[in-house]
Student: 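Below is the structure I would like to discuss, written out as structure tokens.
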Amino acid sequence: MFPCFFQSVICIWSVVGAGGEMVMEEGRPGPSKPAGDRRPQKREKKDKQHDKQQPCEGFSIKAMMKNSVVRGPPPAGSVKERPAKHTAFRKFYERGDFPIAVQHECGGNKIAWKVQIEELDYHYFLPLFFDGLCETEFPYEFFARQGVHDLLEHGGNRILPVVPQLIIPIKNALNLRNRQVLCTTLKVIQHLVVSAEMVGVALVPYYRQILPVLNIFKHMNVNLGDGIEYGQQKRENIGVLIQETLELFERYGGENAYINIKYMIPTYWSCM
């Protein structure tokens with residue numbers, strides 16, 4: 001009888017000494033657990049609390065509740081590509097209204113004009129070819145791009161009266177946010193500015209329709225450090241093309257060009 005009583009006393013004393021609380025347990029006390037074994041349990045509790053977190057909208061009653069996570073704002077989509085629609089240029093080309101054909105050469109394809117370019121009605125054909133800048137499929141993209149450059153090269157003084165009709169096609173092409181269309185349109189704008197006298201000045205009132213998209217993509221440059229960007233050879237860097245276009249606007253736009261460019265693109269600095 002005495003050994004059993006002594007054994008129970010030892011058991012109670014060990015529990016009181018280890019935990020500091022009077023707990024009646026049967027059997028012998030086991031070894032105390034080290035402090036490192038308790039950490040995984042805390043991590044499991046945190047993981048469970050994290051799993052219980054519920055996403056909710058901002059500025060709502062649910063956002064003030066416990067274990068609720070407010071969703072961030074959705075992306076604005078300012079540089080997201082817009083879907084393109086069929087243009088009037090495609091319709092007129094499929095109907096056979098343009099006096100053009102493909103001329104295959106060793107250096108690349110060219111347009112074989114069936115009439116003299118100087119005899120064309122620029123008020124009719126030039127806006128249609130500018131409208132085709134939105135195209136990305138062959139042969140519409142090729143005919144529109146090459147046709148615009150041919151018309152601007154042989155236009156001379158007949159380009160200036162047509163400038164107001166070219167603003168909407170240029171704006172539609174830029175608003176697509178398509179990288180290929182952007183590069184093509186910027187090169188065409190540069191050719192348009194230097195194609196004839198006073199064209200750069202005539203474009204100044206329309207900067208509010210042209211420059212907003214350029215302000216979005218102005219800093220889209222490829223920073224490779226010491227690497228080589230081979231797209232420079234084909235002039236496919238959008239940021240560089242935009243900078244060149246803005247500098248041409250300032251040089252050929254007259255005395256009011258810089259003020260209007262600065263109003264629409266505050267980060268632009270004068271090159272004069």
Side-chain angles (χ1 to χ4, degrees), residues 81-203 205-210 212-214 234-236 238 241 245 248 252:
E81 182 178 341
R82 270 60 167 173
K85 301 179 181 179
H86 290 301
T87 60
F89 175 84
R90 174 179 293 203
K91 175 183 177 181
F92 279 70
Y93 173 78
E94 293 177 348
R95 202 166 61 181
D97 290 350
F98 297 132
I100 54 178
V102 181
Q103 180 179 351
H104 300 281
E105 294 184 357
C106 298
N109 298 334
K110 294 183 179 180
I111 293 180
W113 294 88
K114 300 178 182 179
V115 297
Q116 296 293 330
I117 300 179
E118 292 78 6
E119 299 177 359
L120 294 174
D121 184 7
Y122 270 63
H123 284 275
Y124 178 78
F125 284 102
L126 191 58
L128 284 175
F129 276 88
F130 266 84
D131 184 62
L133 295 176
C134 298
E135 296 289 347
T136 57
E137 299 178 2
F138 184 85
Y140 312 106
E141 184 271 336
F142 165 73
F143 279 120
R145 171 175 47 83
Q146 191 62 37
V148 166
H149 287 293
D150 291 348
L151 291 172
L152 294 177
E153 186 177 353
H154 298 84
N157 297 329
R158 291 180 295 175
I159 298 176
L160 181 59
V162 195
V163 168
Q165 303 179 35
L166 307 179
I167 303 304
I168 293 179
I170 292 175
K171 181 181 177 182
N172 293 336
L174 294 175
N175 283 334
L176 290 180
R177 268 83 162 173
N178 186 294
R179 306 304 187 268
Q180 177 185 354
V181 175
L182 276 174
C183 293
T184 303
T185 306
L186 290 172
K187 295 174 185 177
V188 168
I189 292 175
Q190 294 179 14
H191 194 177
L192 175 64
V193 172
V194 300
S195 61
E197 296 182 359
M198 301 301 294
V199 173
V201 179
L203 289 173
Y206 304 103
Y207 282 174
R208 294 194 177 188
Q209 284 75 31
I210 300 175
V213 178
L214 304 189
K234 298 181 180 180
R235 301 183 65 201
E236 295 178 349
I238 297 178
L241 286 174
T245 305
L248 285 176
Y252 291 87

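All values below come from the heavy atoms of this structure, side chains included, with hydrogens, waters and symmetry mates left out.
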Student: If every non-hydrogen atom of Val213 is compared with every non-hydrogen atom of Leu182, which pair is closest and at what distance?
Tutor: CG1-CD2, 4.2 Å
Student: Above 12 or not: heavy atoms from other molecules or residues under 6.0 Å from CG of Asp121?
Tutor: yes
Student: With rounding to the nearest 0.5 angstrom, report the CD to CD1 distance, Gln165 to Ile170.
Tutor: 12.0 Å
Student: For Glu135 and Glu141, which heavy atoms make the closest approach, and how far apart are they?
Tutor: O-CG, 3.4 Å
Student: Evaluate side-chain contact (heavy atoms from CB on, under 4.5 Å) for Val193 paired with Gln190, printing each intermediate quantity in order.
Tutor: CA-CA 5 Å; Val193 172; Gln190 294 179 14; 6.0 Å; no
Student: Picking from Phe138, Phe142, Tyr140, Phe125, what satisfies ring-ring contact (aromatic ring centres under 6.0 Å, His included) with Tyr93?
Tutor: Tyr140
Student: So, for Phe129 and Ala144, which heavy atoms are closest and what is the spacing to 0.1 Å?
Tutor: O-CB, 3.9 Å
Student: Are more than 12 heavy atoms, taken from residues, nucleotides or ligands other than Arg208, located less than 6.0 Å from that residue's CZ atom?
Tutor: no
Student: Apply side-chain contact (heavy atoms from CB on, under 4.5 Å) to Leu120 and Trp113, showing your working.
Tutor: CA-CA 11 Å; Leu120 294 174; Trp113 294 88; 3.6 Å; yes
Student: Taking Arg177's backbone N and O only, do any of them form a donor-acceptor pair with Arg179's side chain (distance below 3.5 Å, no angle check)?
Tutor: yes
Student: About how many Å separate OH of Tyr207 and CG of Leu214, when rounded to the nearest 0.5 Å?
Tutor: 10.5 Å
Student: Any idea how Phe98 and Phe89 line up, ring-wise: parallel (<30°), tilted (30 to 60°), or perpendicular (>60°)?
Tutor: parallel
Student: Would you say Glu118 has more than 12 foreign heavy atoms packed within less than 6.0 Å of its CD?
Tutor: yes
Student: Out of curiosity, Ile210 CD1 to Leu166 CG, how far, rounded to the nearest 0.5 Å?
Tutor: 9.5 Å
Student: Please give me the minimum heavy-atom distance between Ala84 and Leu176, naming the atom from each residue.
Tutor: CA-CD2, 4.0 Å
Student: Could you check whether any side-chain N or O of His154 sits under 3.5 Å from a backbone N or O of Asp150, counting only pairs where one atom can act as donor and the other as acceptor?
Tutor: yes
Student: Are the side chains of Leu203 and Ile167 in contact, using a 4.5 Å heavy-atom criterion?
Tutor: yes
Student: To the closest 0.5 Å, what do you measure between CG (Leu192) and CG (Leu152)?
Tutor: 5.5 Å
Student: Hey, does Tyr252 have a side-chain heavy atom less than 4.5 Å from the side chain of Val199?
Tutor: no
Student: Let me confirm one number: the CG-NE2 distance from Leu186 to His191, rounded to the nearest 0.5 Å.
Tutor: 15.0 Å
Student: Could you tell me which non-hydrogen atom of Thr245 sits nearest to which non-hydrogen atom of Leu241, and how far apart they are?
Tutor: OG1-O, 2.7 Å
Student: Measuring only between side-chain heavy atoms, which start at C-beta, is Phe130 closer than 4.5 Å to Val188?
Tutor: yes
Student: Quick one, Lys171 and Leu174 - any side-chain contact, counting heavy atoms below 4.5 Å?
Tutor: no
Student: Any idea which heavy atoms bring Leu133 and Val148 closest together, and the distance?
Tutor: CD2-CG2, 4.4 Å
Student: May I ask you to decide whether Glu137 forms a salt bridge with Arg90, counting only side-chain N to carboxylate O separations under 4.0 Å?
Tutor: yes
Student: Roughly how far apart are His86 NE2 and Glu94 CD, rounded to 0.5 Å?
Tutor: 8.0 Å
Student: Taking the side chain from Asp131 and the backbone from Pro127, do they hold a donor-acceptor pair closer than 3.5 Å?
Tutor: no
Student: Does any non-hydrogen side-chain atom of Pro161 lie less than 4.5 Å from one of His123?
Tutor: yes
